[in-house]
**Q** 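Next up is a structure, given as structure tokens.
Only a predicted model underlies this, so the values are computations on that prediction, with no experimental measurement involved. In what follows, chains carry the letters A, B, and so on, assigned in the order in which the sequence lines appear, proteins first and then strands, with residues in each chain numbered from 1. Reckoned from all heavy atoms, side chains included, excluding hydrogens, waters and symmetry mates.
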Amino acid sequence: MRFSKIFGKTLREAPTEAENTSHQLLVRAGMIAQEAAGVYSYLPLGWRALKKIENIIRDEMDKAGGQELMLPVLQPFELWQRSGRDVSFGKSLFTLTDRKEHTLALGPTHEEVIADLVHRYVQSYRDLPLLLYQIQTKLRDEPRPRGGLLRVREFIMKDLYSFDVNVAGLDESYRKMCRAYKNIYARLSLPALMIEADSGAIGGKDSHEFMILTEDGEDEVICCSNGDYAANAEKAQFVKTRINAESLLPLEEIATPTTKTIEEVAGFVGVPSSQTLKAVFYFSDGEFVFVLIRGDLEVNETKLRNALKCSELRLATEAEVNGAGLVAGFASPIGIKGVRVVADDSITSASSFIVGANKPGYHFKNANYPRDFQVHLMTDIALARAGDCCPKCRGKLSSSRGIEVGHVFKLGTFISERFGASFLDSDGKSRPIVMGSYGIGLGRLLAAIVEQSHDDKGIIWPLCVAPYQVYLCPLSLAKSAVAPTAEKLYQELQKEGIEVLFDDRDDSPGVKFNDADLLGIPLRLTLSPRTLQSQSIEAKWRTEKEAQLLTLQNLAAEVSRVLREKLAE
RNA sequence: CGGGGCGUAGCGCAGCUGGUAGCGCGCAGCGUUCGGGACGCUGAGGUCGGAGGUUCAAGUCCUCUCGCCCCGACCA
């Protein structure tokens, strides 16, 4: 390809709306262009890189036994009503009405469609296991698209769905997919971390995410410094250390004027915040809920949502708190009636707590569960934080940001049951198919690679993703013998099957070098009057500082050999 | 949905107390340059996001509206 012909232009400055590195570099390199919030065009260079990623994913899916198919974007809304996910997806589901006033959804994912499809074609255990996948555009009306390609409303995604006769089969498919994912990331030179993830209200036991740790990531990842535990902060557990074990003193009311926050109360009484109880109030699917947790901990709303099995969860307003007969700042589980109380199990990790007395200006001292109050549900609803204690080895947990570049779920039979996707086993008994689902967002992967691999000059593509492998960079084109030689080399390199970007512009060396660096093409070949004189060309890897001279004779064959060698690494 | 910010040429920006729009990059032409974003000259390019209002006069003031970005909420 001739640089002068490429659609798309490199920019010296990035548009102001591009905030994070990958967004800026991809726009500056002329690889993507924004159309609307969370909607992007891929320009020829970006599209080439994306297709390379796509082919690597396809290759690994095929190797794992997947069969590729293509599913509709337009999906009957009834499918979503049948699975009940019209509610759980809520407003994220794009819908439209056709001319016959029939409602259709724009597929945000394809479990419904594929379960419906599979139920029509699979009747026997002999048809299973089955791995089906698709690589195509999906749409979600995200509340807030952000970070360039990191969170968008229209995105290309690979989703594979597994269908097995039982949980053991699902486990095997799941393992297979995790292996395939690891291969993909390895091929893309991405250090992806497999972490435990929350599977949401629907979904089975296990779910894992693959994360690239980087500051621009939008997820929080909790890791043990010993490397034996990593989880999404939504899911992460930790050991709640026991604080004290004093003998139980009698409950006592004390005056605590003007102490509304935990810190104020703890300071006023002279105890650590871990010896207080914090009350937080939520509305869960329309029901007021009293949430109780040790004063030094925070509520993890994802865990709480799962514990309550609710779809909508929000903090209660002050008016709602008052309406429930509670006094904000001095609320208490002691003596309240008619309100559901959910407690974190940390309330048993210490004794003699300070807790509100449910009247302004007063707290109780020496409150103990279950002596002084009851709860309706006690489970783990606490947020793990940096510095907490690892649940595996009691090491120290740390917190980082990460980009989610893959998410796998053990779905179970939830969806297959709703779609009648069942089979006859060898005993002639009908059983629901056990499903799994495995997704990778391609655009996000592209962005993650850039986040992970760039310098102040631009992108540094891994060879297998780079839109072109070689940047042929002739200098002093207009008036020197360089031009005909460069032209000849361009032809020869192409004949060798090498993907060459030929900078045929009559621009100054600085312009060309900077564009070469910005675009991140792995190998730059610079032909100048100087190198021509010695019948050589300068070869420089994007990843290296130093260049080396190659002789012009047999250049194409030599470059081809080196590239093959590199790709095999 | 709550909070904050921004919409002026393809991109980055300036434009005060209102007087009818400018700079840099990029783009086109010509010439000089040619190993890390060279230089000179000439030139093209603008419904100032949109609608309404105030005014003799609005990029500028007022109202409404649309879009975009960031933080939060949300997020298979």
**Q** Quick one: look up who B:rG12 pairs with, Watson-Crick or G-U, both distances under 3.5 Å, and put none if it's unpaired.
**A** B:rC23
**Q** Check whether A:Phe3 forms a cation-pi arrangement with A:Arg505 (NZ or CZ under 6.0 Å from the six-membered ring centre, at most 45° off the ring normal).
**A** yes
**Q** Heavy atoms only, 4.0 Å cut-off, all strands: where does A:Lys457 land among base, sugar-phosphate and nothing?
**A** base
**Q** Report the distance from atom CG of A:Asp456 to atom C1' of B:rG36, rounded to the nearest whole Å.
**A** 12 Å
**Q** To the nearest angstrom, how far is A:Asp506 atom CG from B:rA28 atom P?
**A** 12 Å
**Q** Give me the distance, rounded to whole Å, that separates B:rG49 from B:rU60 when you measure between the C1' atoms they each carry.
**A** 16 Å
**Q** Which whole number of Å gives the distance between the C1' atom of B:rC34 and that of B:rU20?
**A** 45 Å
**Q** Taking atom types as they are modelled, is there a donor-acceptor pair under 3.5 Å from the base of B:rA76 to the side chain of A:Arg85?
**A** yes
**Q** Would you check if there is a donor-acceptor pair between the side chains of A:Asn20 and A:Glu451 at a distance under 3.5 Å?
**A** yes
**Q** Find the partner of B:rG36: check Watson-Crick (N1-N3 plus N6-O4 or O6-N4) and G-U wobble (N1-O2, O6-N3) distances, both under 3.5 Å, and reply none if neither fits.
**A** none
**Q** Report which part of the nucleic acid A:Ser92 touches: base, sugar-phosphate, or nothing (heavy-atom distance under 4.0 Å, all strands).
**A** nothing
**Q** Go through the N and O atoms of the side chain of A:Asp507 and the base of B:rG37, and report whether any donor-acceptor pair is under 3.5 Å.
**A** no
**Q** Given that A:Glu142 and A:Glu19 both sit by RNA chain B, which one's nearest nucleotide is further toward the 5' end?
**A** A:Glu19
**Q** Whether A:Arg12 contacts B:rG26 is assessed here as follows: a side-chain N or O lying under 4.0 Å from the phosphate OP1 or OP2. Is that the case?
**A** yes
**Q** Compute the ring centroids of A:Phe290 and A:Phe281, then answer whether they are less than 6.0 Å apart.
**A** yes
**Q** Assign each of A:Leu527 and A:Gly148 to its nearest nucleotide of RNA chain B by heavy atoms, then name whichever residue's nucleotide is nearer the 5' end.
**A** A:Leu527
**Q** Checking only heavy atoms, does the side chain of A:Thr526 share a donor-acceptor pair with the base of B:rG35 at less than 3.5 Å?
**A** no
**Q** Roughly how many Å is it from CD in A:Glu220 to C1' in B:rG72, rounded to a whole number?
**A** 15 Å
**Q** When you compare B:rG10 with B:rU32, how far apart are their C1' atoms, in angstrom units rounded to a whole number?
**A** 28 Å
**Q** Just to be sure I understand the rule, does A:Glu404 reach a base, reach only the sugar-phosphate, or reach nothing, if contact means heavy atoms closer than 4.0 Å?
**A** nothing
**Q** What integer distance in Å separates A:Arg144:CZ from B:rG2:P?
**A** 14 Å
**Q** Whole Å only: how far is the CD atom of A:Glu234 from the C1' atom of B:rA76?
**A** 10 Å
**Q** Is there a donor and acceptor pair, one atom on the side chain of A:Arg524 and one on the base of B:rG36, closer than 3.5 Å?
**A** yes
**Q** Tell me, do A:Ile403 and A:Arg444 make a side-chain contact under 4.5 Å, heavy atoms counted?
**A** yes
**Q** Indicate, with a heavy-atom threshold strictly under 4.0 Å, whether A:Ala197 touches base, sugar-phosphate, or nothing.
**A** nothing
**Q** For A:Thr531, which contact category applies under a 4.0 Å heavy-atom criterion: base, sugar-phosphate, or nothing?
**A** base
**Q** Write down the distance between CH2 (A:Trp80) and P (B:rA76), rounded to a whole number of angstrom.
**A** 11 Å
**Q** Once you round it to whole Å, what is the distance between C1' of B:rA76 and CG of A:Leu411?
**A** 9 Å
**Q** How many whole angstroms separate atom CZ of A:Phe210 from atom P of B:rA76?
**A** 18 Å
**Q** Do A:Arg314 and B:rG2 share a donor-acceptor pair, side chain to base, under 3.5 Å?
**A** no
**Q** When we call it a touch if two heavy atoms are under 4.0 Å apart, what does A:Ala18 touch: a base, just sugar-phosphate, or nothing?
**A** nothing
**Q** NA contact type, A:Glu538, heavy-atom cut-off 4.0 Å: base, sugar-phosphate, or nothing?
**A** base
